[in-house]
Amino acid sequence: MMPDFQADLDDLMRAGGSWGDVGDHLATASNGAQNIHDAYANSGIKWALFQQAWDAQQQAAIYVRDRLAEGRDSARDIRDILFHVAKVYADQDSRFADAILKLEAGS
């Protein structure tokens, strides 16, 4: 016997939209990390004693940017999957409803 299964299309769409929002926020944060890196990347400033610290924060900005970009891509992938699943269920539900209406009309 198959277990009872339900899918709430509105919930799927809301969740997908939320994941899309997360992806947008992560994209903004990733761009911010890139801006940190770019701010003085080619300024010609000699940091002397602090050069190692400066280089480390530059590398950290790139690392953070890359991880945020990965998170952005994953969040958007989840959004796309949830939207696709909602569309598939809506299409199936519509076809099922049409089939029932045809059966009722024929009786």
Nearest atoms (heavy-atom pairs only) where [X] meets [Y]:
X   : Y   : answer
G16 : R79 : O-CG, 3.1 Å
V22 : A75 : CG1-CB, 4.0 Å
R72 : A27 : CD-CB, 3.6 Å
L9  : A86 : CD2-O, 3.6 Å
Q58 : H37 : NE2-O, 2.9 Å

Point to revise | Salt bridge flag under 4.0 Å for residues R76 and D24 | key: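 Salt bridge present between R76 and D24.
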Exercise for review: Output the distance between atom CZ (R95) and atom CG (D93), rounded to the nearest 0.5 Å.
Suggested key: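 Nearest 0.5 Å value for the CZ-CG distance: 10.0 Å.
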Check your understanding: CZ/R65 to CG/N31 distance, rounded to the nearest 0.5 angstrom?
Key ->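 If I round to the nearest 0.5 Å, the distance is 10.0 Å.
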Check your understanding: Under a 4.5 Å side-chain heavy-atom rule over Ile, Leu, Val, Met, Phe, Trp and Tyr, are W19 and F83 clustered together?
Key ->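 No, no single cluster joins them.
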Review point. With the 4.5 Å side-chain cut-off for hydrophobic clustering, are V85 and V88 part of the same group?
Key: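 No, no single cluster joins them.
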Check your understanding: Is a donor on one side and an acceptor on the other found under 3.5 Å between the side chain of S30 and the backbone of L68?
Key ->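 Looks like no, no N/O pair under 3.5 Å.
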Exercise for review: Examine distances only and state if a side-chain atom of S18 and a backbone atom of R14 form a donor-acceptor pair shorter than 3.5 Å.
Suggested key: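 Yes, because the side chain of S18 sits within donor-acceptor range (under 3.5 Å) of the backbone of R14.
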Check your understanding: Regarding R67 and the six-membered ring of Y63, is the cationic atom NZ or CZ under 6.0 Å from the ring centre and inside 45° of its axis?
Key ->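 Yes - R67 lies over the ring of Y63, closer than 6.0 Å to its centre and within 45° of its axis.
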Would you indicate whether the side-chain heavy atoms of [Y] and [X] approach each other to under 4.5 Å?
X   : Y   : value
D80 : H84 : no
M13 : D10 : no
D38 : Q34 : yes

Review point. With distance as the sole criterion, is a donor-acceptor pair present between the side chains of D55 and Q59 under 3.5 Å?
Key: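 Result is no, nothing qualifies.
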Review point. Looking at residues at least two apart in the chain, or sitting in another chain, which of them share a salt bridge (charged side-chain N to carboxylate O under 4.0 Å, His left out) with D98?
Key: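 In terms of salt bridge (charged side-chain N to carboxylate O under 4.0 Å, His left out), with neighbours along the sequence ignored, D98 is linked to no residue.
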**Study point:** Evaluation steps, side chain to side chain contact (heavy atoms under 4.5 Å, CB included), between I36 and Q57
**Key:** CA-CA 9 Å; I36 290 169; Q57 73 85 27; 3.7 Å; yes
